[in-house]
Peer 1: 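Encoded as structure tokens, here's the structure I'll be asking about.
Fair warning: this is a prediction, and the values are worked out from it, not measured in the lab. Proteins get letters first, then strands, A, B, ... in listed order; numbering begins at 1 in each.
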Number of protein chains: 2
Amino acid sequence: MKILKHTLFSLLATMHVLSAFAQTKQPNIIVILADDLGYGDLSSYGHPTIRTPNLDKMAAEGMRFTQFYAAAAVCTPSRAALLTGRLAFRSGVYGKGDVFRQNSASGLPLNEVTMAELLKSKGYVTGMVGKWHLGHLPEFLPTRQGFGYWFGVPYSNDMGKVFTTHKDGAYGIPPGPRPNAPALPLYRNETVIEEEPDQRYLTKRYTEEVIEFIKKRQDKPFFMYYASNFPHTPLYASPQFEGKSKRGLYGDVVAELDWSVGQILKTLKELKLDQNTLVVFTSDNGPWLPMQDHAGSAGLLYEGKNSTYEGGMRVPAIAWWPGKIKPNVVSEEIISMMDLLPTFASIAGVPLPKDKELDGMNISDVLYGKKTQVRNMIHYYINENLYAVRKGPWKAHFTTHASYSQEAPLGHETPLLFNITEDPSEKYDIANSYPDVVEELTKEYNKMKSIAHVPSEIEKVIPSSQ
Amino acid sequence: MKILKHTLFSLLATMHVLSAFAQTKQPNIIVILADDLGYGDLSSYGHPTIRTPNLDKMAAEGMRFTQFYAAAAVCTPSRAALLTGRLAFRSGVYGKGDVFRQNSASGLPLNEVTMAELLKSKGYVTGMVGKWHLGHLPEFLPTRQGFGYWFGVPYSNDMGKVFTTHKDGAYGIPPGPRPNAPALPLYRNETVIEEEPDQRYLTKRYTEEVIEFIKKRQDKPFFMYYASNFPHTPLYASPQFEGKSKRGLYGDVVAELDWSVGQILKTLKELKLDQNTLVVFTSDNGPWLPMQDHAGSAGLLYEGKNSTYEGGMRVPAIAWWPGKIKPNVVSEEIISMMDLLPTFASIAGVPLPKDKELDGMNISDVLYGKKTQVRNMIHYYINENLYAVRKGPWKAHFTTHASYSQEAPLGHETPLLFNITEDPSEKYDIANSYPDVVEELTKEYNKMKSIAHVPSEIEKVIPSSQ
């Protein structure tokens, strides 16, 4: 009996060790998503007066991407695509109005599989801090979409009583408070814990929450989705950062976000989790240019948010995983934000959802330096409408539209054709010189156009009581 | 007698050691000047598809400047100002035609004091490799301006039988050879050793010459001015680089220039001269935008070469001096290329020329990390005409002109005012909100306008024989 007990005990101990081993083999994953940060807004992406020492160091210790794409040119569809690895027309997260608003009756459909759900199914502890924007009604909150924990706000930080901090107003809307607007709610899980939180302290509070989450969950692999509300307007920095950047308030806000990332990476190093944690930093779309000096910069890229020119969708992106991702690599690989879901699934050893058509591709071999080309196509949508297609260096615009303009989108019988590796600013239309390329991209365009679209969720709104 | 001999020998030995010590205390200085390289053209300045690993490494090991200015928006006056530390109207190196041409009757006046002359007076061995462009007649060649040695061409690489390699032509001029044009001469010292050298090998040959010069001169401090002809058009890369960059031929050419810099730094390290050599890399002016995809990019800055918007004069700049300049520093200090002369003079312990009004300032304390502000003003000239003035974050445009346009320059009764640290792309004129700043900058403008100008040297041409 004693021997049996001893044997059983040994067996249990071995199983425990094995299980712990299996668990520590699964890396932690953190996605940090900035809001409206432009391609040119980090020091390492060439900004002259925004200082981002922590993100630059993250790039020097990891992989910095120069052709990384958000999956949409505005917030809500981009986030849906990030979390599901699918284009907006497949999930229904598109439509007039562009994003979910305070009167939305829907959200990201619950039958979609988020990366949180996927990783949770493999034993990950999942958490989210920050901006959701995929449905504010209780049944659509992050806690119903795979996140075991959430601290944040349900939509953009301008969807409360303050629209803009811009001293001269911006985008035709006067600055200052909007007393009759609904208050911006701050949630912990499914409970509103504050209304109109002081946004100056939002980055600090988010950072503390992320660090707290990391510290608590050391015994199990974790997935953290930290979606900052900034540098989306209205801009707010804490007193420690306000007035410090030569770039003005926008620079202060980016500097604080940079600090926030630095604190997180520092925590991982202190807890010796750095060698077992993949951190990806990126932005949901390009800079919101009508906000003038409260908007970021797409650098040499043309246009910004809400445009299918490169400035609208190509975003800064850095992947960091000491020991696994080589330091100081600049990758010119074409990557879509939708690639993160299948990549995380591969890294965590989770099978992909069976009944969902995915647009993302597993780029783990790019991260490991084993491959330099996985994807060669990007599709550029405004809502359900395909505007442009990239294949390799070639990009054809079938429809163009000046973002935030009242003019109607302009269809092109012969698309505009740019070689965007040679002409990243999309200045020189060379369609006439490359009819074969135009034909090839037109075929791809027609193929994508022929796929059935599910109905819009964004257009489902709560009828007005007036 | 034996004792005396011994004493004398000891004395001589001591003197030799002291002299060697004094010499090794004076650092070597290398200036590497690119031609028409834009602010956004290096990977470390945010270009997505131009790879510059050597320059990025140089930046990681040194100081990268984000507000470094060429002293003029075009080649010749910029080079004159670099070498003399003086604005063009003081030396006369300005005028209609913008640059010295094949029919120029003049050059940089011989009574100007170049940095080569200054350093030579303190025992430096001086050499130049590459493009001169400060007078092609024998009496104006580099060998008459303080350089003990020269290997290169007297003006731009398009001033021979080939204007552009651009497949579609560019700038309204058809591509291909111009058989009736004078041949581009390649000089060694004052002798033409080749006509129309194969430009594909120019970067390789220049690199070899620079390395040869460094290897030969190890016993004395040296000054090397390496002025590449590239990426000025016509673009040529060696077979090793041609067709390799995703950015096309322009990217190939920049990649080869990057390789060239890497070879030079490698040589310094191999010879253990790196701790005693200051290397500065920069560009003579912004990108020559009319050359289309054969032109570079100013990144987020507006306009290019021949413009007094930032894209015309703000250029990439990296300073490298292991042990003296801290690694991996990004400096937002406002620097002018004219600051190099007084800085080198200070570092080498040479007194400044007494009878010359200098526009450059000693920025050695910026390099050493002891000061973060030395200069707060920049003056932007087109020829002898002051167009704009920067003071701190403020820049007032008194005259603007679309570069390479047939339209007349536009004078502004109230200048355009930009806060260029907050609005680096010069998008938002805020003159109306800051009348005090406008007044202050107008005073500075009037002060500079009141200084007498010497006559133009560029307008002195050899009368046509026709």
Side-chain angles (χ1 to χ4, degrees), chain A residues 38-53 56-57 59-60 64-68 167-168 170 245-251 287 289 292-301 310-311 314 316 328-332 392-393 418-425 427-428 430 433, chain B residues 38-53 56-57 59-60 64-68 167-168 170 245-251 287 289 292-301 310-311 314 316 328-332 392-393 418-425 427-428 430 433:
Chain A
Y39 185 77
D41 278 336
L42 305 185
S43 186
S44 38
Y45 282 81
H47 201 284
T49 49
I50 299 179
R51 305 303 299 260
T52 51
D56 301 344
K57 187 159 179 257
R64 181 170 76 79
F65 295 95
T66 67
Q67 305 202 67
F68 187 105
K167 59 192 180 305
D168 309 314
S245 166
K246 290 190 177 166
R247 173 58 184 82
L249 184 54
Y250 186 86
L289 299 178
Q292 302 181 20
D293 62 318
H294 280 205
S297 164
L300 84 171
L301 304 178
E310 292 294 290
R314 204 194 296 191
N328 214 20
V329 178
V330 179
S331 169
E332 295 174 349
F418 300 103
N419 179 324
I420 56 171
T421 62
E422 293 200 11
D423 173 23
S425 307
K427 284 181 177 177
Y428 309 112
I430 47 180
S433 306
Chain B
Y39 186 78
D41 278 335
L42 305 185
S43 187
S44 37
Y45 282 81
H47 201 283
T49 49
I50 298 179
R51 305 304 297 262
T52 51
D56 301 345
K57 187 158 179 260
R64 181 170 76 81
F65 296 94
T66 67
Q67 304 202 67
F68 187 104
K167 58 191 179 307
D168 309 314
S245 167
K246 288 187 179 168
R247 173 58 183 82
L249 185 54
Y250 186 87
L289 299 177
Q292 301 181 21
D293 63 318
H294 280 205
S297 164
L300 83 170
L301 304 178
E310 292 294 290
R314 202 193 296 191
N328 215 17
V329 177
V330 179
S331 169
E332 293 174 352
F418 300 103
N419 179 325
I420 57 170
T421 62
E422 292 200 11
D423 174 21
S425 308
K427 284 181 177 176
Y428 309 113
I430 47 180
S433 307

Peer 1: Just so I know, are the side chains of T49(A) and Q67(B) near enough to count as touching, which here means a heavy-atom distance under 4.5 Å?
Peer 2: yes
Peer 1: Side chain, backbone, both or neither: which part of E332(A) has a heavy atom under 4.5 Å from chain B?
Peer 2: both
Peer 1: Measuring only between side-chain heavy atoms, which start at C-beta, is L300(B) closer than 4.5 Å to P48(A)?
Peer 2: yes
Peer 1: At a heavy-atom separation under 4.5 Å, does S43(A) approach chain B through its side chain, its backbone, both, or neither?
Peer 2: both
Peer 1: Need one label for Y39(A): side chain, backbone, both or neither, based on atoms under 4.5 Å from any heavy atom in chain B.
Peer 2: side chain
Peer 1: Measuring from atom CD1 of I430(B) to atom CG of D293(A), what distance do you get when rounded to the nearest 0.5 angstrom?
Peer 2: 7.5 Å
Peer 1: Under 4.5 Å heavy-atom distance to chain B, tell me which part of K246(A) shows up: side chain, backbone, both or neither.
Peer 2: both
Peer 1: What pair of heavy atoms forms the shortest contact from V330(B) to R51(A), and how long is it?
Peer 2: O-NH2, 2.8 Å
Peer 1: Given a strict heavy-atom distance threshold of 4.5 Å, which part of P393(A) is in contact with chain B: side chain, backbone, both, or neither?
Peer 2: neither
Peer 1: Taking atom CZ of R247(A) and atom CG of D423(B), what is their separation to the nearest 0.5 Å?
Peer 2: 7.5 Å
